[in-house]
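Input: a single structure, listed below in C-alpha cells.
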Amino acid sequence: MALIRQPVVAIVGHIDHGKTSLLDYIRKSAVASREAGGITQRVSAYEITHQSADGPKPITFIDTPGHEAFGGMRRRSARAADIAILIVAADDGVKPQTIEALKAVQDAQIPMIVAFTKIDKNTANLDRARESVLREGVYLEGLGGDVPQVALSSVTGEGVSELLDLIVLVSDINSIDSDDSAPARAVVIESSRDARTGVAATVIVREGTIATGGFAVSGTALAPLRILEDVAGARATEIRCGRPARIVGFSEEPAVGSIVTVYATKKEAEAAVAEARRGSTSPAASARATSEEKPVLRVVIKADTLGSVEALQYEIGKLLQDAAEILVVASGVGAINENDVKLLIGFSPAALVGFNVKVEPSAKDLAERQHIMLETKDIIYELAEWLGVQLQAITPDTAEAEVTGTIKILKHFSTTGNKHVVGGRVESGVLKLNDFVRVNRRGIEVGKGRITNLQLQKSNVQSVTEGMECGLMVETKADVVGGDLLEAGREPHHG
C-alpha cells in the first residue's frame, strides 16, 4: 500500500470575490481575463507543486463559479475535495453565495480555511469582513476559534504563500491521504462533448490509480480507457489518486457528481451499465405533458457542459409563473443540430437556446423555416433573461397596462431577429428605457414588446419626452413599420 498525500482543495465563494484570480496568481496564468463577462462558468481542476519548508508538496485545486445558478457545481466540488478555501473579499464581506458555499462545505464535513482576498484595495476592511464571517458562526483562529484564516492579494501576491503553507498544514493535521493501490474510484466534476473527440469527463481520482487498458463506468456511461489525459491535456498511461484526469470516449455524458468505477474487462463494465440502466427511468414520456389552460413555451437546451445545462435549468426554474410556463423538452451537450430542431417542430411558441455552443448551419435553416426561435449566448443569466422576455410575450394580460407615453414611428431602419431599429416622434407623455410597449396599427393592436435602447442625437438616453424625435430599438415578434403608434408604460400585471 502506497499512501499519497496530495490534497484536493475546492475554492468556493461569492461571485467576483477573486477565486479565479487567486488561482491565476498561483498558476501564473490568465484564466480570469478570458472568462466571458469575467465569470467562471464551469468547474476547472488544476494541479500545482508548492515549495514548502519541508520540500515540494503537490496540491490539486478545484475552481468553482460563484454565481447563484451554479450551486450544484459548488456542492459537488465540496464533496469531491479534502479541504475547502472559503473566499471572502475584504472589501465586500459575506454575500449570499458565500453563505450557500459555506453550507456546501459544512454538508461535506471537510476542513476549511477562510481566505480574505483583495486586501490591496483602498476599500478593504479586514475587521468588518472578519465580523461578517463570525456572524455566520465561523469562528476564526485568533478570534476565539479554530478555523484557519489568511489575508491575501492576488494582485501583489501578499499572503498567497502563507495560504499554500496552511493547506499543507491542514492536510497534515487531518492526515489527508489516499491509497494508490486501492481499486480505482473517481468523482466526475464536469463532462462535455466535442465534435472531434467525442464525450469526455473531467474527474478527480479519489482512490487508487486509473490506468489505460481497463473500462470506466459512471452510471450508464461507459468508456474504454484508451485516451487518458492529465491536467495539462497531455496523454497519460495512469493518473494516481489526488490528481485530476480527463477520460475521453464515454458512450454518453456521465452525470456530474457521479462516481467512476474502473473494471478490468468489457464484460464486467457492460454488466455494471446494464444494472444501472435497470434502475433508471426516462423522463421522456412526461416531457411534453403540459397544462391545457395556459400558454407554454417549449425549449430545448444545449450547452458546452452538463454543469452549464444544470445551471441554465436552475435559472429557467426561477422564471416559472402561474399564467404561462416554460417546458424543457430536452437538454444536452454540444452544438445545436437538426435533431434538436425536430423535437420542437409543430409546437409554437418554441425556442432553441445554446450556451457556449455553435449552431450547425442546417439546424439554423430548419429553425428559420419552422419559425422556431434560436438564441445563443456566452453568459448564462443573459440567456435566462432572453427566455424571460419570450415567456412574458406569451403571458396573458389580466390588467391593462398603464400608458405613460406614446410614440409615432416615422421610419423603420433595420431588423435583426426580433429587434427593430426605428425612429419616431413622442406624441405624448414620457418614454423610458425598458418600457413595455403595445404596437398599434390603424387602431388595432398587432403585438407587444419592450424598448431595449433609446437614443437622442446618437447618444444613449434613459428617457425622452413629448415633442422629441428619437431613435429606439424595440424587441417584439411583431413587425414595426412607419405609421405605427407605440403605447409605452409599465408592464401589466399577470396572473
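Between V205 and A186 the shortest heavy-atom distance is CA-CB, 4.0 Å. Across all their heavy atoms, D304 and S192 have their closest contact at O-CB, 3.4 Å. Contact detail for A367 and L352: the closest heavy-atom pair is CB-CD1, 4.4 Å. Nearest heavy atom pair, residue A269 against residue F215, reads CB-CB, 3.6 Å. Nearest heavy atoms, T376 versus V359: CG2-CG2, 3.6 Å.
Under the 3.5 Å distance criterion, with hydrogens and angles disregarded, no donor-acceptor pair is assigned to the side chains of E238 and T212. With no hydrogens or angles considered, no side-chain donor-acceptor pair links T60 and E47 at under 3.5 Å. Side-chain atoms of S258 and S218 include a donor-acceptor pair closer than 3.5 Å.
Here K103 contributes atom NZ and Q97 contributes atom CD; the two are 14.5 Å apart, rounded to the nearest 0.5 Å. Between I204 atom CD1 and I189 atom CD1 the span is 4.5 Å, to the nearest 0.5 Å. Distance OG/S175 to CD1/I173: 9.5 Å, rounded to 0.5 Å. Put simply, CD on Q51 and OG1 on T49 are 7.0 Å apart, with the number rounded to the nearest 0.5 Å. Here the straight-line distance linking atom NZ of K364 with atom CG of N337 works out to 16.0 Å at 0.5 Å rounding. To the nearest 0.5 Å, atoms CD1 (I110) and CD1 (I83) are separated by 8.0 Å.
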Item to complete: Starting from the C-alpha separation in whole Å, work towards a yes-or-no answer on side chain to side chain contact (heavy atoms under 4.5 Å, CB included) for F250 and L222.
Response: CA-CA 5 Å; F250 275 101; L222 184 152; 5.6 Å; no
Discussion item. Using the rule given for side chain to side chain contact (heavy atoms under 4.5 Å, CB included), can you reason through V12 versus V105, listing the C-alpha separation, both sets of side-chain angles and the distance that settles it, and then say yes or no?
Written reply: CA-CA 9 Å; V12 297; V105 174; 4.0 Å; yes
Worksheet entry | Test log, rule side chain to side chain contact (heavy atoms under 4.5 Å, CB included), inputs D82 and R206 | CA-CA 10 Å; D82 300 306; R206 300 303 287 139; 2.6 Å; yes
Discussion item. Between I259 and R185, is the side chain to side chain contact (heavy atoms under 4.5 Å, CB included) condition met? List the steps.
Written reply: CA-CA 7 Å; I259 300 298; R185 182 179 68 88; 3.6 Å; yes
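The existence of a salt bridge linking K377 and E375 is confirmed by a sub-4.0 Å separation between a basic side-chain nitrogen and an acidic carboxylate oxygen. Salt bridge K121/D92: absent, no basic N to carboxylate O contact under 4.0 Å.
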What pairs of donor and acceptor atoms, side-chain ones from residues 155-165 against any protein atom, are under 3.5 angstrom apart with sequence neighbours left out?
unit_1	atom_1	unit_2	atom_2	d
T156	OG1	S153	OG	3.3
T156	OG1	E158	N	3.2
D165	OD1	H50	NE2	2.8

Per-pair distances, 0.1 Å, donor-acceptor, side chain in residues 135-149, under 3.5 Å, sequence neighbours excluded:
unit_1	atom_1	unit_2	atom_2	d
Q149	OE1	R130	NE	2.7
Q149	NE2	E141	O	2.8

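Using a 4.5 Å cut-off on side-chain heavy atoms (C-beta onward), L23 and I11 make contact. In this structure, I119 and T117 have side chains that are not in contact, with every pair of non-hydrogen atoms separated by 4.5 Å or more. For the pair V170/I113, a side-chain contact is recorded, criterion being any heavy-atom separation below 4.5 Å from C-beta on. Put simply, the side chain of I372 reaches to within 4.5 Å of the side chain of V341, judged on heavy atoms. Using a 4.5 Å heavy-atom threshold, the side chains of I227 and R235 count as touching. Between I301 and Q313, some side-chain heavy-atom pair lies under the 4.5 Å cut-off. Side-chain contact between N125 and D91: absent, with no pair of heavy atoms (C-beta onward) separated by less than 4.5 Å. The closest side-chain heavy-atom distance from V300 to L344 is below 4.5 Å.
For Q390 (side chain) and W386 (main-chain N/O), a donor-acceptor pair under 3.5 Å exists by modelled atom type. Without hydrogens or angle criteria, S191 side chain to A201 main chain gives no donor-acceptor distance under 3.5 Å. When atom types are taken as modelled, the side chain of E268 and the backbone of T265 share a donor-acceptor pair closer than 3.5 angstrom.
Around atom CD of Q462, no more than 12 heavy atoms belonging to other residues, nucleotides or ligands sit under 6.0 Å away.
Partners of K57 under the salt bridge (Lys or Arg N to Asp or Glu O under 4.0 Å) rule, at least two apart in sequence or in another chain, do not exist in this structure.
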